[in-house]
Number of protein chains: 2
Amino acid sequence: MSRVLNNSKHVSEELKERVLSVVEETNFKPNLLARGLVNKKTNLIGVLIPRISNNFFSQLIEGINEVAENYGYNILLSTSYNNLQKELEYLNIFVDRQLDGIILAVTDFSDQHKSFFEKTTIPTVFMGQQLDKGKYPYVTIDNVKASCEATRFLINQKHQKIAILAGPDFDIATGDNRLQGYLEALKEANLPINPRWQTRRYHTIEDGYQAAAQIMSQQERPTAIFACSDQQALGAINYLHEHGYDVPGDISVVGFDDIDLASVFKPKLTTIKQNPVDIGTTAARLLIDQIKERPIPFKGNYIPFRLVVRESTKSWNDVEKPNYNQ
Amino acid sequence: MSRVLNNSKHVSEELKERVLSVVEETNFKPNLLARGLVNKKTNLIGVLIPRISNNFFSQLIEGINEVAENYGYNILLSTSYNNLQKELEYLNIFVDRQLDGIILAVTDFSDQHKSFFEKTTIPTVFMGQQLDKGKYPYVTIDNVKASCEATRFLINQKHQKIAILAGPDFDIATGDNRLQGYLEALKEANLPINPRWQTRRYHTIEDGYQAAAQIMSQQERPTAIFACSDQQALGAINYLHEHGYDVPGDISVVGFDDIDLASVFKPKLTTIKQNPVDIGTTAARLLIDQIKERPIPFKGNYIPFRLVVRESTKSWNDVEKPNYNQ
DNA sequence: CTGTTAGCGCGTTCAA
DNA sequence: TTGAACGCGCTAACAG
């Protein structure tokens, strides 16, 4: 029976047919739990992300789902809400449930993470950033480079006073890395670096609004803002509009991600376009390669990005200098 | 051993401690597959939705996840992309994997669905609409009522020519039901019903744009548009802006869902606010009640909604009648 | 109260 | 080539 269903060799045609007809008649379904118990395989991939209701992450999942489906895997989904304890809890659940692999978008990489991944042998792929010096396979865009490019673009547009709304403190990718790219671009152009034009906040509209408020309430104001997420960019623009600034007339704003609505928003957002679905599919393929013990070509897989120039930015040469901007 | 771990009665303190200390030392983890094989329980809930990268659905999942977590369940996530075959495929996988329960957001309810659910005994809760005359437990907002309320609001605003951008043909909730509510409100007010002011399309920005194009290219144009999703509303406004209409100056637009960005968009969207997280938590609780064989009070659970009036609508009395609107 | 054993439904091994 | 027995790791039932 088992031999027929699993396409073993050395089975006579006759027996095969006989078994299959009985299978058909009795509507027999193999018990996947029992099978898993013997095979030590569950055909289940654990996906752990900070939150689902963020377009970026949900698109990652769509990508993962697409290839997982093709290979007969299903997805066990969990969300950490950026909570370290929860994250480790779920990782342990993944182990207990004997999942075949894990795809993970962490923000922070603590010592506890480290010791966890040293202990476990479950194939794992990280998304969103390189971790522990590239010890584990990962898929991401090059955040430093992307951020550098966005900043350079503003510099080419003759902006000299550029603020950045980076991700929260613990977030390496959208915080540290993107801040780094921004600083590199500024240094490269010999522009002054002003710590007061740098904020580290969550990627929400509200936080973007607050960040803009904080930056614009200072004596010296920037002429351009580079927000490390479209959400923060939208929040910032909202603040600017409410306080009488025109975008891009008075201030240019660049976002990050190119969410659905970035091109519908007024003004249409200039932003770095990531392709999260690609990140997801690549991560899933990498994971399945690992599960099947195929050699992995590269630990680090960088997914292309590109700057999409729309209407929220303007060359500083072209704007009539407003008098409230000293 | 088993008795200790499962908190059976009649275990001496001494044995308990002895066992637990060994468990501690050897870092013993029970094999959940073997346990499931015996207990016929997986502590896994299958969630099947049309797509993840839609804020409405991802919030549903967040709600489900929240209560599932509290009860020790994990989520097996699948997406149907509104594809009937895929949907049935996944439902069968859910059965094969012996999930403890299913939460499902279908758009269509075919005969194949029907026969599937007549055969299976897995506890199931539907989200988004009542199905098969309320035979199965479901959680939703009252789409007819909500749509009626939105339309009534426009009527109270003195609009007489009101168009509707409804959901796709096969979609009962955002298509049929919302169209029905719209029609009821019009009849109630003795307003003319114009089939040319009704479209049935997907809930995307692009489709909203196209729908608006279709409606506004006619001889007689409406003065208000009720879009059955914020996405369509945004697309419609985009079209209107591009073609010289002011919103709400020339045309009022009402949306549906109150997505994140509805309040940031210009003009801020008047829309029906659903609470998808509540729908998710309620569905999950209902499902767990069913799994634990607790009696379910109501098959139908209606989650409240409310109309949020912002800036995309205006009383028709207050607008200067433009000459292009005959 | 506790040690032992049967059996959950598979895949695999060992004879035949 | 194939049938039968064994064991995956657990829980439940049965003795003791």
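Nothing here was measured: the structure is a model prediction, and the numbers come from that model. Lettering follows sequence order; numbering is per chain, from 1.
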Inset, instruction - Walk me through it: do B:R18 and B:E14 pass the test salt bridge (charged side-chain N to carboxylate O under 4.0 Å, His left out)? - result: CA-CA 6 Å; B:R18 200 150 47 86; B:E14 190 243 320; 3.2 Å; yes
Legend entry - Touch class at under 4.0 angstrom, heavy-atom based, for A:L15 against every strand present: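 Sugar-phosphate only.
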Inset, instruction - Could you tell me which residues satisfy ring pair (Phe, Tyr, Trp, His ring centres under 6.0 Å) with B:Y73, sequence neighbours excluded, listed by chain and number? - result: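 Scan of B:Y73 (ring pair (Phe, Tyr, Trp, His ring centres under 6.0 Å), adjacent residues dropped) gives none.
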Inset, instruction - List for me each residue that meets ring pair (Phe, Tyr, Trp, His ring centres under 6.0 Å) alongside A:F305, sequence neighbours excluded, and say none if there are none. - result: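 Scan of A:F305 (ring pair (Phe, Tyr, Trp, His ring centres under 6.0 Å), adjacent residues dropped) gives none.
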Legend entry - Over 12 foreign heavy atoms within 6.0 Å of NZ, A:K29: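 Result for NZ/A:K29: enclosed.
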Legend entry - Neighbour count above 12 (heavy atom, 6.0 Å) for B:Y81 OH: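 For B:Y81, atom OH is crowded (more than 12 foreign heavy atoms under 6.0 Å).
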Legend entry - Contact letters for nucleotides 6-11 of chain C, in which S counts primed atoms plus P, OP1 and OP2 and B counts the base, heavy atoms under 4.0 Å: -BBBBB
Legend entry - Distance, rounded to the nearest Å, where B:K41 contributes NZ and D:dA12 contributes C1':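 Taking atom C1' of D:dA12 as the reference, NZ of B:K41 is at 14 Å.
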